[in-house]
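In what follows, a single structure is set out as structure tokens and then discussed.
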Amino acid sequence: MKKTLVTLMAAAAVTLSVASGAGASAFTAWSVTDVPWGDTLNVRKYPASYSQKQNAYPNDAVLSMTGRCKGGLSLFDIAHLPDWQQRQIVRYKWCEIWHSPAQNGQYVSGWVYMKYMRPL
């Protein structure tokens, strides 16, 4: 039930647009993948492995990506490419997500290492 709810929320986030002073922002859904058995993907406060851990997600968890990645890459700019090519481009990059670490509706941004993510 919880996994279904998370999947539905992430799918809704794909089509969600949030108005801001700079224009509209959208989210895209990516899934945690290839994390070794018994391990989880850590979400960090800043894009670095030594940064504060905010939360951790297992394989198949669907996360709402803001589209912003280190080095100026935007996930929206590569969304038209095949999944394998998107994964190859972001493989060694940190990208920003929007999540609720305490699962209480208080959303914050965090960063994930894209080696363990795949587009949906």
Side-chain angles (χ1 to χ4, degrees):
M1 170 91 171
K2 184 177 178 182
K3 188 174 181 179
T4 303
L5 180 59
V6 169
T7 302
L8 288 173
M9 288 173 45
V14 172
T15 58
L16 176 66
S17 287
V18 180
S20 70
S25 296
F27 296 98
T28 183
W30 284 55
S31 178
V32 178
T33 190
D34 298 333
V35 175
W37 185 86
D39 204 355
T40 53
L41 176 65
N42 292 326
V43 178
R44 304 288 180 172
K45 187 171 185 173
Y46 301 106
S49 60
Y50 53 82
S51 180
Q52 176 187 353
K53 180 178 156 182
Q54 292 179 327
N55 205 347
Y57 294 97
N59 281 323
D60 299 322
V62 177
L63 302 179
S64 296
M65 310 297 296
T66 66
R68 187 170 78 144
C69 300
K70 287 290 288 176
L73 177 70
S74 169
L75 295 177
F76 299 109
D77 291 343
I78 63 170
H80 66 283
L81 299 172
D83 289 357
W84 69 267
Q85 201 168 8
Q86 290 181 55
R87 287 192 72 191
Q88 189 175 42
I89 290 169
V90 301
R91 183 169 175 81
Y92 299 110
K93 296 201 178 290
W94 288 88
C95 294
E96 187 179 41
I97 71 165
W98 187 246
H99 69 130
S100 176
Q103 297 179 344
N104 61 1
Q106 301 283 334
Y107 284 82
V108 297
S109 63
W111 293 83
V112 293
Y113 195 58
M114 295 299 285
K115 179 178 179 179
Y116 302 104
M117 299 292 293
R118 65 177 168 80
L120 290 180

Atom pair CZ/CG of Arg44 and Asn42 - distance to nearest 0.5 Å: 4.5 Å

Would you say Tyr46 and Tyr116 are hydrophobically clustered, going by side-chain heavy atoms of ILVMFWY under 4.5 Å? no

Could you give the distance from OH (Tyr107) to OG (Ser100), rounded to the nearest 0.5 Å? 5.5 Å

So how far is it from Leu120 CG to Trp30 CH2, rounded to the nearest 0.5 Å? 9.0 Å

Between Pro101 and Asn55 the two heavy atoms that sit nearest each other are O-ND2, 3.1 Å

Which pairs with one or both residues in residues 34-63 pass disulfide bond (SG atoms under 2.5 Å apart), sequence neighbours excluded? none

I want to check something: taking the side chain as every heavy atom from C-beta on, are Lys45 and Lys53 in contact at a cut-off of under 4.5 Å? no

From Thr28 atom OG1 to Leu75 atom CG, the distance as rounded to the nearest 0.5 Å: 6.5 Å

Pairs involving residues 67-87, ordered by first then second residue, that meet ring pair (Phe, Tyr, Trp, His ring centres under 6.0 Å) (sequence neighbours left out): none

Residues 48-86 vs disulfide bond (SG atoms under 2.5 Å apart), sequence neighbours excluded, gives Cys69-Cys95

Name each donor-acceptor pair under 3.5 Å that joins a side chain in residues 108-115 to protein atoms two or more places apart or in another chain, with its distance.
from   : atom 1 : to    : atom 2 : distance (Å)
Ser109 : OG     : Glu96 : OE2    : 3.4

Going by atom type alone, with no hydrogens or angles, which donor-acceptor pairs under 3.5 Å involve a side-chain atom of residues 31-40 and a protein atom two or more places apart or on another chain?
from  : atom 1 : to    : atom 2 : distance (Å)
Asp34 : OD2    : Arg87 : NH2    : 2.9

Side chains of Val90 and Ile78 in contact at under 4.5 Å (non-hydrogen atoms): yes

Evaluate the criterion side chain to side chain contact (heavy atoms under 4.5 Å, CB included) for residue pair Met65 and Met117; output intermediate values, then yes/no. CA-CA 10 Å; Met65 310 297 296; Met117 299 292 293; 3.9 Å; yes

Any residue meeting side chain to side chain donor-acceptor pair (under 3.5 Å) with Gln54, in chain and number order, not counting sequence neighbours: His99

Following the transitive rule for hydrophobic clusters with a side-chain heavy-atom cut-off under 4.5 Å over Ile, Leu, Val, Met, Phe, Trp and Tyr, establish whether Leu73 and Tyr92 coincide in one cluster. yes

